[in-house]
J.: 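Pasting a structure here, questions to come.
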Amino acid sequence: MPSDPFTPGRIVWMDGAFVPASEARVSIFDRGLLFSDAVYEGIGILDGRMVDAAVHLARLRRSLGELGIPEPMDEAGFRAALDRLIAENGVGEGFLYLHITRGVAERDYVPPGEMTPTVFAFTQAHPVPLADRPPVPVALASHPDLRWKRRDIKTSNLLGQVLAKRAAVQAGSDEALMIDEDGFVTEGGCTSFFFVQDRTIVARPVTDDILNGVTRRAMLAVAESEGYGIDRRRFTLAEAMKADEAFVTGASSYIEPVATIDGQRIGAGAPGPVTLALRREYLALVRARS
């Protein structure tokens, strides 16, 4: 992705218009800025197309509904705009970020009844394509899960993730692994986490405690079709550290093997056979249907 967000030629989608990134503006009275009263979706781009766009947009509608923010347009409208945004920026592989706030009003905890949502989106291209390269194992660092209780809603309130990921990087790791107040693993800072024991994939059940990741869902469907066992339950950090393999999933990173957690090697410390098989079959699946 560009180091300068205002790179000449970069186009963003802002309230229905395609404009240079340097010309996009959000009001200081926008509730997304003042209260994080906003939702978003991060959608992978592969071969110049959105990955599982219908599932992402369905989750977006759910998040909007949970917060009572009106839908600014239907799925067809979003698809047309986002497809054009990808084409305008010439992105072959990368990430698309879509953000919707409740809108602009005088600062008050209780929003007025009628508001026009603010909508914007931008793309980020992978500087080096990831899908056709061997995956690089990642290092995780555990961190208390400090987020609010409705983690199933994909809001822009990401300070808990920022703190966790910042601490992970300071510890020399690539990603955070968050632990709830009862000592159970929830998920990564921006990924879903799984481990493998005896060819069974252990996954935390979907509740308000975690985000129901789109890549997570597709991966588990692939795993079931390939005959792997799925054990949906809460699990501790100690259990995960004894795994044969571990991996994380994300919209633009696909399926990544985990090498270490808190400096302790997981399995062989290299991509395991289950992780590699799932990654291969997942990429084949989404390429066929995107």
Side-chain angles (χ1 to χ4, degrees), residues 32-42 59 62-63 66-67 95 97 99 109 136-197 201-217 219-220 230-253 255-267 269 275:
L33 176 63
L34 297 176
F35 295 103
S36 292
D37 192 359
V39 302
Y40 77 99
E41 278 294 321
R59 186 173 66 180
R62 179 186 182 277
S63 293
E66 290 294 313
L67 296 187
F95 183 74
Y97 181 89
H99 188 111
Y109 282 89
V136 178
V138 297
L140 306 184
S142 61
H143 191 275
D145 197 333
L146 304 176
R147 299 172 297 166
W148 77 317
K149 297 297 186 182
R150 289 301 308 276
R151 300 161 191 163
D152 58 306
I153 305 173
K154 200 168 177 70
T155 77
S156 61
N157 182 2
L158 299 175
L159 192 56
Q161 290 93 317
V162 168
L163 292 174
K165 288 179 73 69
R166 182 171 180 267
V169 170
Q170 289 176 336
S173 296
D174 305 298
E175 165 68 307
L177 184 62
M178 294 187 284
I179 314 299
D180 69 19
E181 58 271 23
D182 297 320
F184 295 102
V185 174
T186 53
E187 53 196 338
C190 63
T191 55
S192 301
F193 175 82
F194 310 86
F195 72 87
V196 181
Q197 199 72 53
I201 298 161
V202 181
R204 182 161 176 138
V206 174
T207 65
D208 291 355
D209 295 330
I210 66 169
L211 182 71
N212 192 6
V214 172
T215 308
R216 168 198 165 100
R217 288 184 244 181
M219 179 279 297
L220 289 173
I230 311 292
D231 185 6
R232 292 177 173 84
R233 62 177 175 83
R234 297 197 301 171
F235 54 88
T236 65
L237 180 61
E239 288 182 88
M241 285 183 160
K242 296 175 183 177
D244 298 333
E245 307 173 36
F247 60 91
V248 292
T249 63
S252 62
S253 55
I255 298 173
E256 294 180 298
V258 171
T260 62
I261 302 175
D262 291 341
Q264 179 175 315
R265 190 176 68 183
I266 305 303
T275 302

J.: Please name all residues satisfying side-chain contact (heavy atoms from CB on, under 4.5 Å) with A246, sequence neighbours left out, ordered by chain then number.
T.: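 Counting only residues at least two positions away or on another chain, A246 forms a side-chain contact (heavy atoms from CB on, under 4.5 Å) with F193, F195, V258, I266.
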J.: Can you tell me how far the NE2 atom of H143 sits from the CD atom of Q161, to the nearest 0.5 Å?
T.: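 Here the interatomic distance stands at 11.0 Å.
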J.: Going by heavy atoms in the side chains, are E187 and R216 under 4.5 Å from each other?
T.: no
J.: Side chains of W148 and I153: closer than 4.5 Å at any heavy-atom pair?
T.: yes
J.: Checking side chain to side chain contact (heavy atoms under 4.5 Å, CB included) for the pair D231/Q197: CA distance, chi angles, key distance, verdict?
T.: CA-CA 10 Å; D231 185 6; Q197 199 72 53; over 6 Å; no
J.: Please check if the side chain of T186 supplies one atom and the backbone of D180 the other of a donor-acceptor pair under 3.5 Å.
T.: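 Judged by distance alone, no pair lies under 3.5 Å.
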J.: Considering only residues two or more places apart or on different chains, which pairs with a residue in residues 205-214 satisfy salt bridge (charged side-chain N to carboxylate O under 4.0 Å, His left out)?
T.: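 Listed once each, the pairs are R150-D208, R204-D209.
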J.: Checking D152 against I210 for the side chain to side chain contact (heavy atoms under 4.5 Å, CB included) test, could you report, in this order, the C-alpha distance in whole Å, the side-chain angles of both residues, the deciding distance, and whether it holds?
T.: CA-CA 5 Å; D152 58 306; I210 66 169; over 6 Å; no
J.: Go through the steps to decide whether E175 and L140 satisfy the test side chain to side chain contact (heavy atoms under 4.5 Å, CB included), and finish with yes or no.
T.: CA-CA 5 Å; E175 165 68 307; L140 306 184; 3.5 Å; yes
J.: Heavy atoms, side chains only, cut-off 4.5 Å: are D145 and R151 in contact?
T.: yes
J.: Check this for me: R62, atom CZ, are more than 12 non-hydrogen atoms of other residues, nucleotides or ligands nearer than 6.0 Å?
T.: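 Yes, enclosed.
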J.: Within the distance-only criterion (no hydrogens, no angle test), does the side chain of T215 pair as donor or acceptor with the backbone N or O of T249 below 3.5 angstrom?
T.: no
J.: Any chance you could lay out the side chain to side chain contact (heavy atoms under 4.5 Å, CB included) test for D174 and E256, step after step, and finish with the verdict?
T.: CA-CA 11 Å; D174 305 298; E256 294 180 298; over 6 Å; no
J.: Is it the case that the side chain of R217 and the backbone of N212 share a donor-acceptor pair, with hydrogens and angles ignored and the cut-off at 3.5 Å?
T.: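 Checked: pair present.
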J.: Within a strict 4.5 Å, meaning less than it, do heavy atoms of the I179 and V185 side chains meet?
T.: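 When only atoms from C-beta onward are counted, V185 and I179 do touch, with a gap below 4.5 Å.
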J.: E245: what forms a salt bridge (Lys or Arg N to Asp or Glu O under 4.0 Å) with it, not counting sequence neighbours?
T.: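 Counting only residues at least two positions away or on another chain, E245 forms no salt bridge (Lys or Arg N to Asp or Glu O under 4.0 Å).
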